[in-house]
Amino acid sequence: MLITTKGIVFRFVKYRETSIIATIYTEELGLNSYIINGVRSAKSNFKIGYFESLNLVELTAYHKPDSNIDRLKEIKSSYPLQDIRQNIYKSSISMFLAEIVNRCIVEKHKNEPLFNFLYQAIIDLENNPQNNSFHLQFLLKLTTYLGFGIHTPESFIKSTGNQKYYDDPSISRLLQKLLQSELSYTPELDSDKRQTILNDILQYYHLHIDLPKLKSLNVLHTIFS
């Protein structure tokens, strides 16, 4: 059957000489894989640029419930990400967030609240003025949709057991601000405090899921140092 749905591109891998297999998180089906034949050839009807990580798309696909891979009929951009692709700070955050969602989101069924959160978060990153703490807010808010939500600084501090939050109240206040602020507004943090909070958030993730070493983390540190 044909299904038309919004989607968020997570990644793609090359397949054979000219094709790819794309992993796309969809509004209607959750995480799904699609084979796109010949997309890497000059005569393809599809543009390879549609399949960049975190692209927001609308697609029509031939879906078989018992199949591991579907085929695309059509795909188009639903919200161009011009600033994310051109701004080195936003592109670095985007690379980091793409690696996070690829590691954390594996469910192959519809989850509208999670989809809406991811979709709007990418739009917020595209439209917001440049800031250096968007990824912290994203990670904190994503925990709710993954089932191990951080709702208060106290619950976070208790889980990680980090004494520094008791010794330095300013870090606790920053954490509170990050939790309470919308993604459309992200407070600026100095380098040391941002790194401290990021390390502890990742430690919190490690307590709940098997999160391997993130390749994009060094890039993020370099850009925002």
>> If the condition is side chain to side chain donor-acceptor pair (under 3.5 Å), which residues does Y119 pass it with, not counting sequence neighbours?
In response: S78

> Would Y204 end up clustered with L97 when hydrophobic side chains under 4.5 Å apart are linked, directly or stepwise?
Replying inline: yes

> Measuring from I20:CD1 to I35:CD1, what's the distance to the nearest 0.5 Å?
Replying inline: 9.5 Å

>> Centroid separation under 6.0 Å, is that true for the rings of F96 and F138?
In response: no

> Which value, rounded to the nearest 0.5 Å, describes the distance between L174 atom CG and L189 atom CG?
Replying inline: 4.5 Å

> Applying the 4.5 Å side-chain criterion to the ILVMFWY set and letting contacts propagate, would F117 and F115 be lumped into a single cluster?
Replying inline: yes

>> Per the side-chain hydrogen bond (donor to acceptor under 3.5 Å, both in side chains) rule, what does the pair list look like for residues 6-16, sequence neighbours excluded?
In response: R11-N102

> side-chain contact (heavy atoms from CB on, under 4.5 Å) with L136: which of L179, D200, L175, L198?
Replying inline: L198

>> Show the nearest heavy-atom pair for residues E126 and I84, with the distance to one decimal.
In response: OE1-N, 3.0 Å

> Would you find a donor on one side and an acceptor on the other, under 3.5 Å apart, between the side chain of S44 and the backbone of R40?
Replying inline: no

Name every donor-acceptor pair, under 3.5 Å, that has one atom in a side chain of residues 54-67 and the other anywhere in the protein, sequence neighbours excluded.
residue : atom : partner : partner atom : Å
N55     : OD1  : R85     : NH2          : 2.5
N55     : ND2  : G49     : O            : 2.8
N55     : ND2  : Y50     : O            : 3.2
T60     : OG1  : T4      : OG1          : 2.9
H63     : ND1  : D70     : OD2          : 2.6
S67     : OG   : I69     : N            : 3.3
S67     : OG   : I69     : O            : 2.7

> Once you round to the nearest 0.5 Å, how far does CG of L81 lie from CD of E52?
Replying inline: 8.5 Å

> Can I105 be reached from V13 by stepping across I, L, V, M, F, W or Y side chains whose heavy atoms are under 4.5 Å apart?
Replying inline: no

>> Please give me the minimum heavy-atom distance between L2 and K73, naming the atom from each residue.
In response: CD2-CD, 3.8 Å

>> For E99, give me all partners under side chain to side chain donor-acceptor pair (under 3.5 Å), at least two apart in sequence or on another chain.
In response: S216

>> Once rounded to the nearest 0.5 Å, what's the spacing between atom CD of Q120 and atom CG of L183?
In response: 8.5 Å

> What's the verdict on salt bridge (Lys or Arg N to Asp or Glu O under 4.0 Å) for K110 and E27, showing C-alpha distance, side-chain angles and the deciding distance?
Replying inline: CA-CA 6 Å; K110 183 174 182 178; E27 185 176 28; over 6 Å; no

> Which residues satisfy the side chain to side chain donor-acceptor pair (under 3.5 Å) test with Q195, sequence neighbours excluded?
Replying inline: N199, H221

>> F134: which residues meet the ring-ring contact (aromatic ring centres under 6.0 Å, His included) condition with it, sequence neighbours left out?
In response: none

> Hey, what do you get for CD1 (I197) to CG (L140), rounding to the nearest 0.5 Å?
Replying inline: 8.0 Å

> Do other residues, nucleotides or ligands put more than 12 heavy atoms under 6.0 Å from the NZ atom of K177?
Replying inline: no

> Are the aromatic rings of Y205 and F148 close, with centres under 6.0 Å apart?
Replying inline: yes

> If you count the non-hydrogen atoms of other residues, nucleotides and ligands that lie under 6.0 Å from CG in D190, is the total more than 12?
Replying inline: yes

